[in-house]
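To find a chain, count down the sequence lines: A is the first, B the second, and so on, and within it residues start at 1. Any value given below was found using the heavy atoms of this structure, including those in side chains, with hydrogens, waters and symmetry copies removed. Everything numeric here is computed off the predicted structure, so don't read it as measured data.
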Protein chains: 2
Amino acid sequence: MKKYFINVNEEETPKYIIIERHIKKLIDSNKIEDGEKLPSIRVLAQLLGVNNITVVNAYKKLENEGHAVQKMGSGTYAKRKDINRNFKREYSETLKKISGNLQEYIDFTGETPSSSFFPVKLFKDVLNNVLDRDGADALIYQEALGYEGLRKSISNVFWKNRIRSNDILIVSGAQQGIDIVSKALINTNDSVIVEKPTYSGALSVFKWRRADIFEVPMGEDGIDIVKLEKILKKNTIKCFYTMSYFQNPTAVSYSEEKKIQILKLADIYDFYIIEDDYLSELIYDESMVYKSFKSLDKNDRVIYIKSFSKIFLPGIRIGYLIPPANFKESIQNSKINTDISTSSLMQRTLDLYIRKGFWKEYIANIRVLYKNRYIYMEQCLRKHLGDKVDFISPGGGLHFYMKIKDSLKINSITLFRLAKEKKVLLTPGILFYKSPSDGEKYFKLGFSQTDEEGIEKGIKIINNLMEV
Amino acid sequence: MKKYFINVNEEETPKYIIIERHIKKLIDSNKIEDGEKLPSIRVLAQLLGVNNITVVNAYKKLENEGHAVQKMGSGTYAKRKDINRNFKREYSETLKKISGNLQEYIDFTGETPSSSFFPVKLFKDVLNNVLDRDGADALIYQEALGYEGLRKSISNVFWKNRIRSNDILIVSGAQQGIDIVSKALINTNDSVIVEKPTYSGALSVFKWRRADIFEVPMGEDGIDIVKLEKILKKNTIKCFYTMSYFQNPTAVSYSEEKKIQILKLADIYDFYIIEDDYLSELIYDESMVYKSFKSLDKNDRVIYIKSFSKIFLPGIRIGYLIPPANFKESIQNSKINTDISTSSLMQRTLDLYIRKGFWKEYIANIRVLYKNRYIYMEQCLRKHLGDKVDFISPGGGLHFYMKIKDSLKINSITLFRLAKEKKVLLTPGILFYKSPSDGEKYFKLGFSQTDEEGIEKGIKIINNLMEV
C-alpha cells in the first residue's frame with residue numbers, strides 16, 4: 001500500500017488529478033504491474049485522507065485514458081497501454097529505419113507495384129494537359145462527390161455504365177474508404193465481422209469505432225460459412241469486411257458460390273458487406289473470372305471500395321466508393337467531415353489518364369511483368385521451402401502466405417528478426433489477427449519490390465534460417 | 001396498438017428482424033411519431049405471439065441504429081433520424097445547386113481566398129520543376145510524417161526552427177487534422193469543450209467520437225474564463241478546441257492574456273488545447289500581434305493544426321499538425337489508419353513553392369487585396385446595416401459575424417431564404433451551435449468571393465429584406 005501514498009494538498013491542482021497522475025506514474029514505471037488490482041476506493045480514500053468521491057474520480061479518469069479497467073463488482077485493475085503493440089512498433093520502425101538503404105535488402109514486405117514500371121514522363125504530360133485545360137479550377141474547384149469527369153470515367157470504363165457516376169464517391173485511397181464507411185455505419189458496441197486473418201489497417205479502424213469484432217476463419221475459397229452463420233444467429237451484425245480477391249494476407253479469392261451465399265445471408269440477417277477490391281486487376285490464372293460481390297449484389301447490400309493507390313501509384317492517394325442508396329448521404333457527410341475532399345488536380349489527372357487509354361495499357365503491362373515473377377516465385381517456394389511451409393497458389397495478386405509446418409519450432413517473429421540480420425525483410429502473420437499470437441506460425445512474402453534474382457536468393461536465405 | 005401487428009412467421013428471416021423492420025417503417029412513414037413511446041416489451045410480445053427476448057432484441061437493434069432511445073426505467077421511445085439536420089441539408093443543397101451559376105449571385109458564404117488571385121502559371125512551373133527533379137519518387141515515395149523537405153520548410157519558415165521538422169506531421173487539411181487528433185485523443189463519453197459558437201465540421205467530428213460536448217460562450221477577446229473554469233471544476237475534460245484568430249464564425253481573436261490564462265488552466269486541470277490556426281496570416285489591424293497558443297505553450301499542452309487549403313488553395317488538401325510529445329506516436333498512427341499519407345506530389349510542390357519565396361509573396365499580395373475589401377465592407381455594414389445588427393470589427397480574416405438586434409423579429413433562416421430569392425447568399429448562425437436554435441439571430445458574411453461592388457449591393461439588399 002505504501003507506494004500509493006502521495007500528498008494531495010497542492011494549491012491549485014484538484015486532488016483527484018494528483019492521485020490519478022501518481023497512479024499513472026506507478027503503472028508506467030512498473031511499480032504497479034499490468035493487471036494488478038488497485039486498492040478499494042474506501043481504503044485508498046482513508047490512506048490519503050480524501051473523500052471517497054475523489055478516489056472514484058481519479059479511477060474514472062485512469063479508466064477513461066486506458067490506464068485501468070473496471071470489472072463489475074470486483075474493483076479496478078491497472079492496465080499498461082500498448083503492451084500488445086510492441087511488435088507492431090518494432091516492425092514499422094524496422095521498415096522506417098531501413099527505408100533509406102532499402103536497395104541493400106531483399107524486400108518481401110512490399111504491397112504495391114514497383115515504381116520502376118511507372119511511366120512518369122507520360123503522367124507528367126497528362127498532368128500538364130490538365131493544368132493547361134482547367135487552369136486554377138484544377139487546383140481550387142471542389143465537388144462533394146469528387147471530380148465529375150473522373151466519376152464518369154469510372155462509371156464508363158470500370159462499370160460499363162451499370163453504376164451511375166452520381167452513385168460514386170471519390171476518396172483518398174482504400175484506407176480512407178474504410179474509415180469513412182465505418183464512421184457512417186458503425187456505432188460504439190456495434191458488431192462487425194472480419195476475415196481471420198485480415199488487413200491490420202481495417203482492424204484498427206473498427207477498434208477505433210469501439211466495435212465488437214468477430215473473426216471468421218478463411219478457408220481456401222473464402223470464409224467459413226457455417227461459422228459465419230453461427231455468429232449471425234446469435235448477434236446483430238452491422239457489417240462484414242472482406243477482400244474478395246487475393247485477400248491480405250491469405251491471398252485467397254472467394255468462389256462465386258460463396259459470394260452468393262454471403263450476399264443471401266446479408267439480406268436475411270440485415271448486414272452490409274464492405275468489399276475492399278484489393279488487387280483484382282492482377283489475375284494471372286486464366287481460369288479465374290472477375291466477379292465482385294458488388295456485381296452480384298441484387299439487394300443493395302454491398303459497399304464497394306476501390307483504391308487506385310495500391311495498383312497504380314501509392315502517392316496519388318485516390319480511390320472510390322460505391323455506397324448503397326440508403327447510406328449514400330451519411331457516407332458523403334462522413335467524407336466531408338473527414339477531410340472535405342480529395343486533391344482535385346490528382347483526380348483530374350487520373351481521369352484524363354484513364355480517358356486516353358493509358359490506364360488499360362499500364363495494367364496490361366504490369367500484369368505480364370508480375371505474372372512472370374509470380375510463376376517464378378511459386379517455383380522457388382516449392383523447390384526451396386516446400387518441406388517447411390504450406391501455402392496456396394493464389395493465381396494472382398502480389399504475395400504468398402506461408403504457414404510454418406507444425407513440426408518446426410520457429411515462429412514468425414523470430415524468423416523476421418533473423419531474416420532482417422541477413423538483409424531479408426518479410427511480414428510476420430501476427431499483424432493480421434485480433435489476438436497476435438494466432439499468427440505466430442504464419443508469414444507473408446510479397447514479390448512486388450523484388451525481382452527474380454532477389455526472389456530466389458531471399459527464399460534460400462529463409463530456408464537456411466528455418467533449418468536451424 | 002393495431003399498427004404494431006405483423007406476421008412474424010417468415011421462413012428465413014429471424015423474428016426480431018421482422019419486428020424491427022416493421023417498426024422502422026412505421027417511424028419513417030410517421031405512423032409512429034418522433035418521441036412516441038413504443039409498447040412495453042411484454043405487451044408487444046403478447047400481441048405478436050413471440051418471446052419477450054425477441055422484442056428485446058428488436059428494440060435493441062432499433063436503438064443501435066438510432067431509430068429509438070431507451071430511457072432508464074421508462075421504456076423505449078421512437079426517434080426520427082435527421083430531424084435536426086433538415087436545415088443543414090437545405091443549406092448545403094442550396095449551395096450545391098447554385099454552384100454551376102454562382103456568377104449570378106452575390107456570394108457571402110465563401111470561406112477561402114478567391115481563385116482569381118491565384119498564380120496558376122507559377123504553380124504549374126513549380127510542379128514541373130518537382131517532377132523533373134524527383135521523377136517517380138514525387139508520385140510514389142511516402143513518408144509516415146509527410147515529405148521531409150516540406151516539414152523542414154515549415155520548421156524553418158513558419159517556426160524559425162523552434163519546432164523541429166520531426167515534430168511536424170503533414171495532414172490533408174485542417175478537417176483531417178481535427179479528425180485524426182480526435183481519434184488519438186477522444187474516447188466515447190470523454191468530455192470536450194468547444195467555443196460557442198464554433199465550426200460545424202469540428203462539432204461533427206466530436207459527435208462522431210461520441211464525446212460529451214460542453215460549449216463555452218465567446219466574448220470579445222475569447223471564451224468566458226469564469227464559465228470555463230466552472231466546467232473544469234466539475235468535469236474531467238480531455239481537450240478544448242479553439243480557433244485563436246478570426247474565429248469561425250464570430251471573427252473574434254484571443255487576447256494574449258486570455259491565451260495565457262487558458263494555458264495555465266490546461267496545466268492545472270490536465271487537458272489539451274487543439275488550436276486550429278485558421279487565418280492568422282490575414283491580420284489587417286497593425287496593432288494586432290500574432291502569437292499562437294502554441295508559441296506561448298510551455299508545458300506541451302497544445303496540439304497545433306494549420307491548413308494550407310484555407311489560405312492558399314482549397315484543392316491542394318495540405319495542412320500540418322504539431323502534436324505534444326506524449327501523443328506524437330498515437331496521432332501518427334491515427335493518420336496512417338485514416339488515409340496512410342497525403343499526396344506526395346502536392347507536398348513537394350508546396351515545399352518548393354515556399355522555398356522559392358513565392359508563398360510569402362502570395363500572402364503579402366492577398367493581404368493587401370483583402371484588407372481593402374475588409375475596410376470597404378466594414379464601412380458598408382455601418383452605413384447600411386448599423387441600425388439592424390451588432391457586430392465587432394475583427395481586424396483581419398475574411399468575414400464578419402452579425403447579431404440581429406432584439407427589436408427585429410426576423411430570424412436568420414428566413415433571412416437566408418429571402419436573400420437567396422434576391423440572389424444573395426449568406427450563412428445563418430444556426431450551423432455553428434450544438435442546439436441550432438441558439439443561432440437563430442446570427443448570420444455570417446464572408447467577403448472572400450465578392451468584390452467591392454458586390455459587397456455594397458449585397459448589403460443593401462439584406463438591409464431591405466430586414467426592414468420588412
Side-chain angles (χ1 to χ4, degrees), chain A residues 12-14 17 20-21 57 60-61 64 66 92 96 115-116 118 120 123-124 127-128 131 135-142 144 172-173 175-176 179 183 187-190 201 204-205 208 210 233 236 238 268-270 309 313-317 333 336-346, chain B residues 12-14 17 21 57 60-61 64 66 92 96 115-116 118 120 123-124 127-128 131 135-142 144 172-173 175-176 179 183 187-190 201 204-205 208 210 233 236 238 268-270 309 313-317 333-334 336-346:
Chain A
E12 282 192 313
T13 314
I17 287 180
E20 185 259 347
R21 282 187 191 161
N57 283 335
K60 202 184 148 205
K61 190 161 159 69
N64 281 343
S92 66
K96 218 187 289 171
S115 66
S116 48
F118 187 74
V120 186
F123 191 82
K124 189 180 149 191
L127 204 153
N128 275 300
L131 283 168
D137 277 355
L139 293 156
I140 290 176
Y141 194 63
Q142 298 180 80
S172 309
Q175 183 69 40
Q176 184 180 71
D179 182 49
K183 282 177 184 158
N187 293 323
T188 307
N189 297 328
D190 276 354
S204 299
V205 170
W208 253 320
R210 313 271 151 194
K233 273 185 180 147
T236 306
K238 222 26 176 310
I268 295 171
Y269 291 97
D270 190 20
S309 304
L313 264 183
I316 200 171
R317 305 309 321 149
N333 285 336
I336 292 170
N337 285 311
T338 297
D339 72 347
I340 314 284
S341 69
T342 294
S343 167
S344 179
L345 177 60
M346 285 303 175
Chain B
E12 285 194 313
T13 314
I17 286 180
R21 282 186 191 162
N57 283 334
K60 200 184 149 206
K61 191 163 159 65
N64 280 341
S92 67
K96 217 187 289 172
S115 66
S116 48
F118 187 74
V120 186
F123 191 81
K124 190 180 147 191
L127 204 152
N128 276 300
L131 282 168
D137 277 355
L139 293 155
I140 289 178
Y141 193 63
Q142 298 179 82
S172 309
Q175 183 70 39
Q176 184 180 73
D179 183 49
K183 282 177 183 158
N187 293 322
T188 306
N189 296 329
D190 276 354
S204 299
V205 170
W208 252 321
R210 311 273 151 196
K233 273 186 179 149
T236 306
K238 219 39 178 296
I268 295 173
Y269 290 98
D270 190 18
S309 304
L313 265 182
I316 199 171
R317 306 307 321 145
N333 285 335
S334 167
I336 292 170
N337 285 310
T338 297
D339 73 347
I340 313 283
S341 69
T342 294
S343 169
S344 178
L345 176 60
M346 285 303 176

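Interface residue B:Leu127: only side-chain heavy atoms are found under 4.5 Å from chain A. In this structure, chain A has heavy atoms under 4.5 Å from both the backbone and the side chain of B:Ser334. For A:Ile268, the parts lying under 4.5 angstrom from a heavy atom of chain B are both the backbone and the side chain. For A:Tyr269, the parts lying near chain B are the backbone and the side chain together; criterion is any non-hydrogen pair under 4.5 Å. For chain A, no part of B:Lys233 is nearby; none of its heavy atoms comes within less than 4.5 Å. There is no contact between A:Lys60 and chain B, counting heavy-atom distances below 4.5 Å.
Most heavy-atom pairs under 4.5 Å with chain A, from the set B:Phe123, B:Phe118, B:Trp208: that is B:Trp208. Per-residue heavy-atom pair counts under 4.5 Å with chain B were compared for A:Asn128, A:Asp190, A:Leu345, and the maximum is reached by A:Asn128.
For A:Ser344 (side chain) and A:Ala138 (main-chain N/O), a donor-acceptor pair under 3.5 Å exists by modelled atom type.
Heavy-atom minimum distance, B:Asp270 versus A:Glu20: OD2-OE1, 4.0 Å. Residues B:Leu139 and A:Met346 share a closest heavy-atom pair of CD2-CE, 4.2 Å. Shortest non-hydrogen contact noted between B:Gln175 and A:Asn337 is NE2-O, 2.7 Å. In plain terms, the two heavy atoms of A:Gly173 and A:Ser309 that are nearest each other are CA-OG, 4.3 Å.
Atom NZ of A:Lys183 and atom CD of A:Gln176 lie 7.5 Å apart (nearest 0.5 Å).
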